[in-house]
Asks: 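Could you have a look at this structure, given as structure tokens, before my questions?
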Amino acid sequence: MSTEKGPNFLEEIIAEDVNNGKHGGRVLTRFPPEPNGYLHIGHAKSICLNFGLAKKFGGTTNLRFDDTNPEKEETEYVESIKRDIQWLGFQWANEFYASDYFEQLYEYARQLIQKGLAYVDDSSAEEIAAMKGTPTESGKNSPFRDRTVEENLDLFARMRKGEFKDGEKVLRAKIDMAAANMHLRDPLMYRIKHTAHHRTGDEWCIYPMYDFAHGQSDSIERITHSICTLEFEVHRPLYEWFIEKLEIFASHQYEFARLNLNFTVMSKRRLLQLVQEKFVSGWDDPRMPTISGLRRRGFTPESIRRFAEMIGVARRENVIDFGVLEFCVREHLNAIAKRVMVVLDPVKLVITNYPEGTTENLPAENNPELEDGGGVRELPFSRELWIEREDFKLNPEKKYFRLAPGLMVRLKHAYIIKCDDYVMDDNGNITEIRCTYIPESKSGHDTSGIHVKGTIHWVNKSTAVPCEVRLYDRLFRVENPAAEEGDFKDHINPHSLEIIANAMAEPSLRNAAADDKFQFMRKGYFCLDTASTPDRLVFNRTVQLKDSWSKQKVSLE
RNA sequence: UGACGGAUGGUGUAAUGGCAACACUGCAGAUUUUGGUUCUGCCUUUCUAGGUUCGAGUCCUAGUCCGUCAACCA
């Protein structure tokens with residue numbers, strides 16, 4: 001970009017801290033995912049922020065799995081998260097787990113008990129909820145609030161030993177049941193769960209809650225700037241309370257507004273439903289807003305990082321138009337994608353004055369955006385070709401620059417042709433288009449003096465590679481599915497996936513590799529799907545090209 | 001009617017008391033062997049009411065609207 005944005009509010013805070021020599025100018029951030037699902041584009045914003053901020057100020061970033069709820073967490077998710085972060089182009093300084101700190105956290109809890117700042121409560125979940133009060137009504141003290149330090153220490157030790165059943169007891173901080181901030185009304189610190197943990201196995205049957213794990217983990221790692229989303233703002237006083245009472249390293253929490261994208265959902269809970277209930281093929285379904293889905297769809301790390309930079313960071317709620325993401329991926333793919341020709345909806349075209357049994361190889365530039373055109377490849381050309389069905393019209397409207405009886409058009413990288421005739425079957429379908437070519441109009445050596453408005457793509461029939469092409473559209477029909485009445489899944493776009501079984505590709509696509517990015521000329525950007533095999537090539541459409549013609553057509557009607 | 005936060009074009013984000021700008025979108029046009037790219041131009045903005053000030057998007061007061069919080073989730 002030629003114009004630089006001003007610093008965002010987090011950069012300002014960190015710059016000031018660094019200038020003031022806070023923490024000796026040291027900057028250490030962390031990205032703290034819970035391994036209970038795959039990362040999505042919203043996490044990408046957070047990743048770019050945390051890693052980007054640290055890098056900008058000469059610091060580093062820890063990856064820390066917030067794995068304090070064994071019921072939902074799995075190693076599969078840990079692996080996918082690591083893969084996605086690295087794919088995005090970031091490397092953490094340390095890989096940590098909140099579960100690494102279980103022993104330390106247990107000790108911290110004992111310290112609070114000893115200071116008279118935590119107690120074991122025998123109340124049930126329902127009783128605790130009832131005593132919590134409401135935002136406008138203060139809560140009531142638990143009858144177990146005033147147990148002695150000795151009794152609390154003993155009970156807490158026995159909780160750890162497994163003497164009690166799930167839900168029988170909890171450890172709570174003793175703060176203020178009348179606090180205006182609900183999170184300060186004696187929040188739970190530990191609960192009993194006789195559940196195996198993906199890392200610690202059966203070692204523990206008590207697990208710390210988020211509020212008693214996150215801030216302490218930050219502190220243990222000496223995180224300087226702990227950046228999270230806005231909904232944790234009301235947790236900050238509690239974050240600070242624990243650090244103050246424990247007298248440990250004071251990390252600070254800062255909040256920013258999470259990313260919202262229209263026409264999709266962004267909560268792991270909903271994404272999990274889409275996966276489990278088979279509305280999509282998996283977490284990496286190309287229609288999913290997950291990082292793995294975007295990767296499979298053909299997005300590049302560069303385009304996602306650029307997106308994060310473009311949307312900025314602030315503290316106000318925002319909804320980013322899906323078009324911004326599309327703009328970013330087009331921008332990058334336009335620069336790097338190899339131009340190739342693929343006919344998605346083939347109709348036969350015969351060049352009647354081109355000799356039968358003859359094939360010539362025409363040079364074709366790979367990418368006009370590159371210095372040397374990205375090199376050239378050879379395209380076979382002969383008497384029979386495939387062209388796009390929509391590039392021929394019996395009765396063309398005004399400003400239609402393609403093929404119609406009597407009209408001329410250029411075949412990209414080849415010759416100008418004129419349509420003389422066509423063949424129609426009994427159902428009124430065009431089965432063949434018959435043209436003559438102008439030998440003097442050969443691409444790069446055109447001496448014909450003829451100028452045509454339109455250029456269309458084509459594929460040589462005898463050497464064409466049949467393939468499958470998958471076209472994607474937005475997953476939902478409405479801007480904010482989560483906000484609609486009823487089930488968000490009722491608003492899934494039934495046409496979000498269109499499979500084209502018989503596309504015809506130019507022969508060079510036989511050598512397509514998994515990471516290759518292509519522009520199918522005039523059709524969009526595509527990549528090989530993970531389900532593709534050498535015998536059956538499968539391509540995903542990443543995004544369409546901008547199409548001012550279809551817009552114009554609509555306005556003409 | 002509790003606590004905390006927020007409000008700048010259609011959408012985002014800047015402007016840090018001194019000419020409201022940048023990007024995306026949209027619309028027009030130029031170029032084009034991709035109706036792509038590129039280039040040019042245009043549309044559209046400070047929630048309301050007071051106040052402070054030579055000067056307010058920015059500071060103050062009041063209001064309006066929006067968001068978050070009452071999981072043994074994170």
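In what follows, chains carry the letters A, B, and so on, assigned in the order in which the sequence lines appear, proteins first and then strands, with residues in each chain numbered from 1. All heavy atoms count here, side chains included; hydrogens, waters and symmetry mates do not.
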Asks: Any chance the rings of A/F520 and A/F539 have centres within less than 6.0 Å?
Replies: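 Ring-ring flag for A/F520/A/F539: true, centres closer than 6.0 Å.
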Asks: Using the C1' atom as the point on both nucleotides, what is the distance between B/U32 and B/U37, in whole Å?
Replies: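 Taking atom C1' in both B/U37 and B/U32, they lie 9 Å apart.
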Asks: Base, sugar-phosphate, or nothing for A/P237, non-hydrogen atoms under 4.0 angstrom?
Replies: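 No contact at all - A/P237 keeps every heavy atom at 4.0 Å or more from the nucleic acid.
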Asks: When you check the phosphate oxygens OP1 and OP2 of B/U37, does a side-chain N or O of A/K546 lie under 4.0 Å from one of them?
Replies: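 Yes, such a contact exists.
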Asks: Nearest nucleotide by nearest heavy atom, which residue falls closer to the 5' end of RNA chain B, A/F232 or A/E317?
Replies: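 Nearest nucleotide further toward 5': that of A/E317.
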Asks: For the base of B/U68, is there a side-chain donor-acceptor partner from A/R258 under 3.5 Å away?
Replies: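 It does not, because no donor-acceptor pair links the side chain of A/R258 to the base of B/U68 below 3.5 Å.
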Asks: Applying a 4.0 Å non-hydrogen cut-off, can you work out what A/E369 is touching in the nucleic acid: base, sugar-phosphate, or nothing?
Replies: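 Result for A/E369 = base.
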Asks: Using a 4.0 Å heavy-atom cut-off, does A/V319 contact any base of the nucleic acid, only the sugar-phosphate backbone, or nothing at all?
Replies: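 If one applies the 4.0 Å heavy-atom cut-off, A/V319 turns out to touch the sugar-phosphate alone, with no base involved.
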Asks: Could you tell me the Watson-Crick or G-U partner of B/C19, where both distances fall under 3.5 Å? Say none if there is no partner.
Replies: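 By the stated definition (distances under 3.5 Å), nothing pairs with B/C19.
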Asks: How is A/H413 classified with respect to the nucleic acid when contacts are heavy atoms under 4.0 Å: base, sugar-phosphate, or nothing?
Replies: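 Here A/H413 touches the bases of the nucleic acid.
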Asks: Are A/K56 and A/E11 within salt-bridge range, i.e. N to O under 4.0 Å?
Replies: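 So A/K56 pairs with A/E11 through a salt bridge.
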Asks: Within the modelled atom types, does a donor on one side and an acceptor on the other bring the side chain of A/T136 and the base of B/U1 under 3.5 Å apart?
Replies: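 Not at all, since no donor on one side and acceptor on the other fall under 3.5 Å apart.
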Asks: What interatomic distance, in whole Å, is found between C1' of B/G26 and the corresponding atom of B/G18?
Replies: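 Straight-line distance between the two C1' atoms is 33 Å.
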Asks: Please confirm whether the shortest side-chain N or O distance from A/S548 to OP1 or OP2 of B/G36 is below 4.0 Å.
Replies: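 True: A/S548 side-chain N/O within range (under 4.0 Å) of B/G36 OP1/OP2.
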Asks: Counting Watson-Crick and G-U wobble pairs only, both distances under 3.5 Å, name the nucleotide matched with B/U53, or none.
Replies: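 With both distances under 3.5 Å required, B/U53 matches none.
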Asks: Give me the distance, rounded to whole Å, that separates B/G57 from B/A7 when you measure between the P atoms they each carry.
Replies: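 Nearest-Å result for B/G57 against B/A7 at atom P: 15 Å.
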Asks: I'd like the C1' distance from B/A20 over to B/G55, given in whole Å.
Replies: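 B/G55 and B/A20 have their C1' atoms separated by 15 Å.
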Asks: Can you check the distance between B/C43 and B/A28, where both ends of the measurement are the P atom (answer in whole Å)?
Replies: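 Result for the P pair: 15 Å, nearest Å.
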Asks: Has A/K551 got a side-chain N or O lying under 4.0 Å from the OP1 or OP2 atom of B/G26?
Replies: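 Answer yes for this pair, as a side-chain N or O of A/K551 is under 4.0 Å from OP1 or OP2.
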Asks: Side-chain N or O of A/R522 versus OP1/OP2 of B/G35: is the shortest distance under 4.0 Å?
Replies: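 It does, given that an N or O in the side chain of A/R522 lies less than 4.0 Å from OP1 or OP2 of B/G35.
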Asks: Expressed in whole Å, how much space separates the C1' atoms belonging to B/U13 and B/U46?
Replies: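 After rounding to an integer number of Å, I get 14 Å for this pair.
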Asks: Let me spell it out: for each of A/D122 and A/M521, pick the nucleotide of RNA chain B with the closest heavy atom. Which residue's pick is nearer the 5' end?
Replies: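 First, find each residue's nearest nucleotide; the 5'-ward one identifies A/M521.
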Asks: Does a salt bridge link A/D100 with A/R64, judged by any charged N lying under 4.0 Å from a carboxylate O?
Replies: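 Between A/R64 and A/D100 there is no salt bridge, as every charged N stays at least 4.0 Å from the carboxylate O atoms.
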Asks: Checking only heavy atoms, does the side chain of A/H235 share a donor-acceptor pair with the base of B/A74 at less than 3.5 Å?
Replies: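 Yes.
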Asks: A/R172 side chain N/O closer than 4.0 Å to the phosphate oxygens (OP1, OP2) of B/C72?
Replies: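 Answer is no, no contact under 4.0 Å.
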Asks: Remember a base hit wins even if backbone is also touched, and classify A/Y400 as base, sugar-phosphate or nothing at under 4.0 Å, heavy atoms.
Replies: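 Counting heavy atoms under 4.0 Å across all strands, the contact made by A/Y400 includes a base.
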Asks: If B/U32 has a Watson-Crick or G-U wobble mate with both distances under 3.5 Å, name it; if not, just say none.
Replies: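 The answer is none; no pair meets the criterion.
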Asks: Using only heavy-atom distances, decide whether a donor-acceptor pair under 3.5 angstrom links the side-chain of A/R410 to the base of B/U33.
Replies: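 Counting by modelled atom types and ignoring angles, a donor-acceptor contact under 3.5 Å is found here.
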Asks: What is the separation between atom CG on A/N334 and atom C1' on B/U32, rounded to the nearest whole Å?
Replies: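 So the CG-C1' distance, A/N334 to B/U32, works out to 13 Å.
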Asks: Any donor-acceptor pair under 3.5 Å between the side chain of A/E231 and the base of B/G5?
Replies: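 Flag unset: no donor-acceptor pair detected.
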Asks: Tell me, with the steps shown, if A/I227 and A/R30 meet side-chain contact (heavy atoms from CB on, under 4.5 Å).
Replies: CA-CA 8 Å; A/I227 298 162; A/R30 103 269 92 113; 4.2 Å; yes
Asks: Measuring to OP1 and OP2 of B/G35, would you say a side-chain N or O of A/T455 lies under 4.0 angstrom away?
Replies: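 No.
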Asks: How would you label the contact of A/G524 with the nucleic acid (heavy atoms, under 4.0 Å): base, sugar-phosphate, or nothing?
Replies: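 Nothing: the residue A/G524, judged by heavy atoms under 4.0 Å, touches no strand.
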Asks: Which part of the nucleic acid, if any, lies within contact of A/Y210, taking any heavy atom under 4.0 Å across all strands shown: a base, the sugar-phosphate backbone alone, or nothing?
Replies: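 Result for A/Y210 = base.
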Asks: Measuring centre to centre across the rings, with the benzene-like ring taken for any Trp, is A/F526 within less than 6.0 Å of A/F518?
Replies: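 So the answer is no for these two rings.
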Asks: With sugar-phosphate meaning primed atoms plus P, OP1 and OP2, does A/Q519 contact a base, only sugar-phosphate, or nothing at under 4.0 Å between heavy atoms?
Replies: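 The answer is base, as A/Q519 lies within the cut-off (heavy atoms under 4.0 Å) of a base atom.
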Asks: Check whether any side-chain nitrogen or oxygen of A/K193 sits under 4.0 Å from OP1 or OP2 of B/C73, and answer yes or no.
Replies: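 It does, given that an N or O in the side chain of A/K193 lies less than 4.0 Å from OP1 or OP2 of B/C73.
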Asks: So what's B/A14 paired with, Watson-Crick or G-U wobble, going by both distances under 3.5 Å?
Replies: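 When the pairing criteria are applied, nothing turns out to pair with B/A14, so the answer is none.
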Asks: Quick one: look up who B/C42 pairs with, Watson-Crick or G-U, both distances under 3.5 Å, and put none if it's unpaired.
Replies: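 For B/C42, the partner nucleotide comes out as B/G26, under the 3.5 Å rule.
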Asks: Using the C1' atom as the point on both nucleotides, what is the distance between B/U8 and B/C27, in whole Å?
Replies: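 Approximately 23 Å lies between the C1' atom of B/C27 and that of B/U8.
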Asks: Does A/Y97 have its ring centroid less than 6.0 Å away from the ring centroid of A/F65?
Replies: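 That pair passes the under 6.0 Å test.
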Asks: Taking the six-membered ring for Trp and the single ring otherwise, decide whether the centroids of A/F9 and A/Y254 are under 6.0 Å apart.
Replies: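 Centroid distance A/F9-A/Y254: not below 6.0 Å, so no.
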Asks: Would A/F242 and A/Y108 count as a close aromatic pair, with their ring centres under 6.0 Å?
Replies: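 Distance test on ring centres: not under 6.0 Å, no.
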Asks: Under the 3.5 Å rule, do the base of B/U34 and the side chain of A/R339 count as making a donor-acceptor pair?
Replies: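 Yes, a donor-acceptor pair under 3.5 Å.
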Asks: Taking any strand in view, what nucleotide pairs with B/G63 in a Watson-Crick or G-U wobble way, both distances under 3.5 Å?
Replies: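 By the stated definition (distances under 3.5 Å), B/C47 pairs with B/G63.
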Asks: Any donor-acceptor pair under 3.5 Å joining the side chain of A/R316 to the base of B/G5?
Replies: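 There is none.
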Asks: Just checking A/L230: base, sugar-phosphate only, or nothing, at a heavy-atom cut-off of under 4.0 Å?
Replies: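 No contact at all - A/L230 keeps every heavy atom at 4.0 Å or more from the nucleic acid.
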Asks: Is there a Watson-Crick or G-U wobble partner for B/C69 with both distances under 3.5 Å, and which nucleotide is it?
Replies: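 B/G2 - that is the nucleotide pairing with B/C69, both distances being under 3.5 Å.
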Asks: With rounding to the closest Å, how many angstrom separate the C1' atoms on B/G9 and B/U25?
Replies: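 Their C1' atoms lie roughly 11 Å apart.
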